[in-house]
Amino acid sequence: AQKVTQAQTEISVVEKEDVTLDCVYETRDTTYYLFWYKQPPSGELVFLIRRNSFDEQNEISGRYSWNFQKSTSSFNFTITASQVVDSAVYFCALSVNTNAGKSTFGDGTTLTVKP
Amino acid sequence: EPEVTQTPSHQVTQMGQEVILRCVPISNHLYFYWYRQILGQKVEFLVSFYNNEISEKSEIFDDQFSVERPDGSNFTLKIRSTKLEDSAMYFCASSDFREAGELFFGEGSRLTVL
């Protein structure tokens, strides 16, 4: 069985601060995918990134960066110079190759960025 | 940009009533999914659908739930006799086999059971 743990329930920062959202996963499968989604107050799920288990390269996209470390089963997400519009619930998710669309989500981290 | 569309955006129903939630996946996608999110909680997998049949379902997806793709474009989730605990946001998603694992979610249908 798969499990995703987002230990941080809520984080509050002041605009322009950097913030890191933690994600730890568990799976016995050797082929798997990791995701981050953003859920703004409007409720939709916005895909941010997908990583497969064979690609440990870190990725940067604008103010967003992701640190994938298989050794610690972590896939952490950093927002640099946070903005008020970053306020949302962020979900980390995991799926395995046998049913790649069946994702196990973490409980989510609510990020509040104050002006 | 192609997107997954869901209707209705919000439905209020009485306990015991049947509800059908509709989804139009991205046209060239082959895999379809329903997820559920009870207010303030995590997103949970309900069912996956491929080649006109259920490929996997969770323990949440009991006999009260069914899915079908009646006309090659719509993908529906039916709840036969709604319960209070069915109140949630229901998300439809689809994916392209070539990009296995990347889900495209609709904006969700909020179901309120009174």
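Residue numbers begin at 1 in each chain, while the letters A, B, ... track the order of the sequences.
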Q. Shared ILVMFWY cluster between B/Val19 and B/Phe65, side chains joined below 4.5 angstrom?
A. yes
**Q.** A/Lys3 atom NZ: more than 12 heavy-atom contacts under 6.0 Å
**A.** no
**Q.** Smallest separation among heavy atoms of A/Phe91 and B/Gln41, with atom names
**A.** CZ-O, 4.1 Å
Q: Run through B/Phe105, B/Tyr35, B/Phe104 and flag the one making a side-chain contact (heavy atoms from CB on, under 4.5 Å) with A/Leu45.
A: B/Phe105
Q: Decide whether B/Leu21 and B/Val4 are clustered together by the hydrophobic rule: side chain heavy atoms of Ile, Leu, Val, Met, Phe, Trp, Tyr closer than 4.5 Å, transitively.
A: no
Q. Say you draw a straight line from OG of B/Ser55 to NZ of A/Lys102; how long is it, rounded to the nearest 0.5 Å?
A. 10.0 Å
(Q) Which atoms of B/Phe32 are under 4.5 Å from chain A, going by heavy atoms: the side chain, the backbone, both sets, or neither? (A) neither
Q: Would you check if B/Val43 and A/Tyr37 make a side-chain contact, meaning some heavy-atom pair closer than 4.5 Å?
A: no
Q | same_hphob_cluster(A/Trp36, A/Val24) at 4.5 Å side-chain heavy-atom cutoff | A | no
Q: Answer with yes or no whether the hydrophobic clustering places A/Phe77 together with A/Leu34; edges join I, L, V, M, F, W, Y residues whose side-chain heavy atoms lie under 4.5 Å apart.
A: yes
Q | CD-CD distance between B/Glu3 and A/Glu44, expressed to the nearest 0.5 angstrom | A | 11.0 Å
Q) If you measure from CZ on B/Phe45 to OG on A/Ser95, what distance do you get to the nearest 0.5 Å? A) 10.5 Å
Q: Say whether A/Ile49 and A/Tyr25 are linked into one hydrophobic cluster, either directly or through other cluster members, by side-chain heavy-atom distances under 4.5 angstrom.
A: yes
Q. Chain A heavy atoms under 4.5 Å from B/Gln37: which part of the residue, side chain, backbone, both or neither?
A. side chain
Q | Portion of A/Gln6 that has a non-hydrogen atom of chain B nearer than 4.5 angstrom | A | neither
Q | B/Leu39 atom CG, over 12 foreign heavy atoms within 6.0 Å | A | no
